[in-house]
Q: 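Dropping a structure here in structure tokens format, bear with me for questions.
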Amino acid sequence: MLRIALFADVQNIYYTTRQRYGRQFDYRALWRQLEAEGTLVSAIAYATDRQDSGQRKFQNALRQLGFKVALKPYIQRADGSAKGDWDVGITLDVVELAPQVDRVVLLSGDGDFDRLLERVRQRFGVQTEVYGVPELTADSLIRAADRFHPIDEKLLL
């Protein structure tokens, strides 16, 4: 059976689905879809932690689905901007897990991951797939993946 590792860039997906559709992403629908295609041997959701009850409830829902939830503190800068970037953490985990799976699935539209997907496909021979909001996913990321899945109505709440 196909072994799948799922890496979810929670902040990216939250903001892109909200911007494009005004709705939230349905993690359960994606989970079911991937389970129908193989065995999810690892699923990690990367998020920032603001210490609020709504976020904790969401994080617990992800855990109940089967995700390991990786948290970074939410940092508000003096200029009003925020920081909670998981790019390096996601990259390290993908490189670590890629040799153990047949497919790497990235839930993100962030073009910073294009070289990562190219590299793990070349080095480990894994299939790479991306789920992202079409209009808000970097073209370079779409090109780097073996397969791009547009987030549409089927994957929204």
Side-chain angles (χ1 to χ4, degrees), residues 2-48 50 54-55 57-59 61-72 74 81-95 97-98 101-157:
L2 191 68
R3 296 166 297 155
I4 302 168
L6 171 59
F7 304 89
D9 184 351
V10 171
Q11 304 310 116
N12 180 278
I13 293 303
Y14 172 79
Y15 288 110
T16 58
T17 56
R18 189 174 80 171
Q19 179 180 338
R20 173 63 178 92
Y21 301 109
R23 294 168 62 191
Q24 292 183 3
F25 184 75
D26 187 347
Y27 287 86
R28 185 178 309 280
L30 176 61
W31 191 278
R32 286 184 189 134
Q33 184 175 321
L34 293 176
E35 276 189 324
E37 298 172 9
T39 301
L40 274 164
V41 296
S42 181
I44 307 171
Y46 303 85
T48 57
R50 288 185 177 205
Q55 231 184 13
K57 183 178 175 184
F58 169 69
Q59 293 160 3
L62 288 175
R63 287 183 186 100
Q64 287 177 339
L65 272 176
F67 279 94
K68 172 186 171 191
V69 178
L71 297 172
K72 263 191 183 181
Y74 175 82
S81 64
K83 180 168 175 35
D85 190 3
W86 266 109
D87 289 7
V88 172
I90 292 170
T91 298
L92 290 172
D93 288 345
V94 168
V95 169
L97 288 165
V101 298
D102 304 302
R103 182 188 297 169
V104 166
V105 177
L106 177 64
L107 180 57
S108 180
D110 189 339
D112 289 342
F113 295 118
D114 55 5
R115 291 192 63 210
L116 169 65
L117 296 186
E118 291 167 356
R119 186 69 50 92
V120 297
R121 183 177 53 254
Q122 291 167 357
R123 188 164 291 167
F124 305 114
V126 299
Q127 266 186 336
T128 59
E129 297 187 5
V130 169
Y131 283 78
V133 174
E135 300 86 352
L136 301 172
T137 298
D139 289 338
S140 63
L141 184 62
I142 293 170
R143 285 190 307 272
D146 289 314
R147 189 163 178 209
F148 174 70
H149 303 271
I151 293 174
D152 58 18
E153 292 292 319
K154 298 181 305 254
L155 292 172
L156 297 171
L157 292 173

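Excluded from the calculations below are hydrogen atoms, water molecules and symmetry mates; all remaining heavy atoms, backbone and side chain alike, are included.
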Q: Return the CD to CG distance between Gln127 and Leu117, rounded to the nearest 0.5 Å.
A: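 Between Gln127 CD and Leu117 CG, I get 12.0 Å after rounding to 0.5 Å.
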
Q: Within this structure, what is the CG-OH distance for the pair Leu136 and Tyr15, rounded to the nearest 0.5 Å?
A: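 Reported value, rounded in 0.5 Å steps: 14.0 Å.
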
Q: When rounded to the nearest 0.5 angstrom, what distance separates CG in Leu92 from CG in Leu97?
A: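 Reported value, rounded in 0.5 Å steps: 11.0 Å.
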
Q: Could you go through residues 137-147 and list every donor-acceptor pair under 3.5 Å that involves a side-chain atom there, pairing it with any protein atom two or more places apart or in another chain?
A:
{"residue": "Thr137", "atom": "OG1", "partner": "Val133", "partner atom": "N", "Å": "3.3"}
{"residue": "Thr137", "atom": "OG1", "partner": "Val133", "partner atom": "O", "Å": "2.7"}
{"residue": "Ser140", "atom": "OG", "partner": "Asp114", "partner atom": "OD2", "Å": "2.9"}
{"residue": "Asp146", "atom": "OD2", "partner": "Thr128", "partner atom": "N", "Å": "2.8"}
{"residue": "Asp146", "atom": "OD2", "partner": "Thr128", "partner atom": "OG1", "Å": "3.4"}

Q: Would you give the length of the straight line joining atom CG of Leu116 to atom OG1 of Thr91, rounded to the nearest 0.5 angstrom?
A: 4.5 Å

Q: Grab the two heavy atoms, one from Tyr27 and one from Leu62, that are nearest each other, plus how far apart they are.
A: CG-CD2, 3.6 Å

Q: Please round to the nearest 0.5 Å and tell me the distance separating atom CD1 of Ile13 and atom CG of Leu107.
A: 4.0 Å

Q: Hey, could you give me each pair passing ring-ring contact (aromatic ring centres under 6.0 Å, His included) that has a residue in residues 113-146? Not counting sequence neighbours.
A: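 Of all non-adjacent pairs touching residues 113-146, those that pass ring-ring contact (aromatic ring centres under 6.0 Å, His included) are Tyr131-His149.
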
Q: Do you know which two heavy atoms are closest between Gln59 and Thr48, and how far apart they sit?
A: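 What the structure gives for the nearest pair is NE2-O, 3.8 Å.
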
Q: Could you list all the salt bridge (charged side-chain N to carboxylate O under 4.0 Å, His left out) pairs where at least one residue sits in residues 5-22, not counting sequence neighbours?
A: Arg20-Glu135

Q: Would you name the heavy atoms of Ser108 and Val130 that are closest together and state the gap between them?
A: O-CG1, 3.3 Å

Q: Closest approach of Pro134 and Phe148, non-hydrogen atoms and distance?
A: CA-CZ, 4.1 Å

Q: Got more than 12 heavy atoms from elsewhere within 6.0 Å of CZ, Arg3?
A: yes

Q: Is the closest side-chain heavy-atom distance between Leu6 and Phe67 below 4.5 Å?
A: yes

Q: Flag the pair Leu106 / Ile90 as yes when at least one side-chain heavy-atom distance between them is below 4.5 Å, and no otherwise.
A: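 Leu106 vs Ile90: side chains touch.
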
Q: Provide the closest heavy-atom pair for Val101 versus Ile4 in the form atom of the first, atom of the second, distance.
A: CG1-C, 4.2 Å

Q: What salt bridge (charged side-chain N to carboxylate O under 4.0 Å, His left out) pairs are there with at least one residue in residues 27-38, not counting sequence neighbours?
A: Glu37-Arg103

Q: For Asp87, give me all partners under salt bridge (Lys or Arg N to Asp or Glu O under 4.0 Å), at least two apart in sequence or on another chain.
A: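 With sequence neighbours excluded, Asp87 shows a salt bridge (Lys or Arg N to Asp or Glu O under 4.0 Å) to no residue whatsoever.
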
Q: Taking ring pair (Phe, Tyr, Trp, His ring centres under 6.0 Å) as the test, write out the residues that go with Tyr46, two or more places apart.
A: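 Once residues adjacent in sequence are excluded, the partners of Tyr46 under the ring pair (Phe, Tyr, Trp, His ring centres under 6.0 Å) criterion are Trp86.
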
Q: Any heavy-atom pair between the side chains of Arg23 and Leu157 that's under 4.5 Å?
A: no

Q: At their closest point, which heavy atom of Asp152 faces which heavy atom of Leu156, and how far apart are they?
A: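 It is O-CG, 3.3 Å.
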
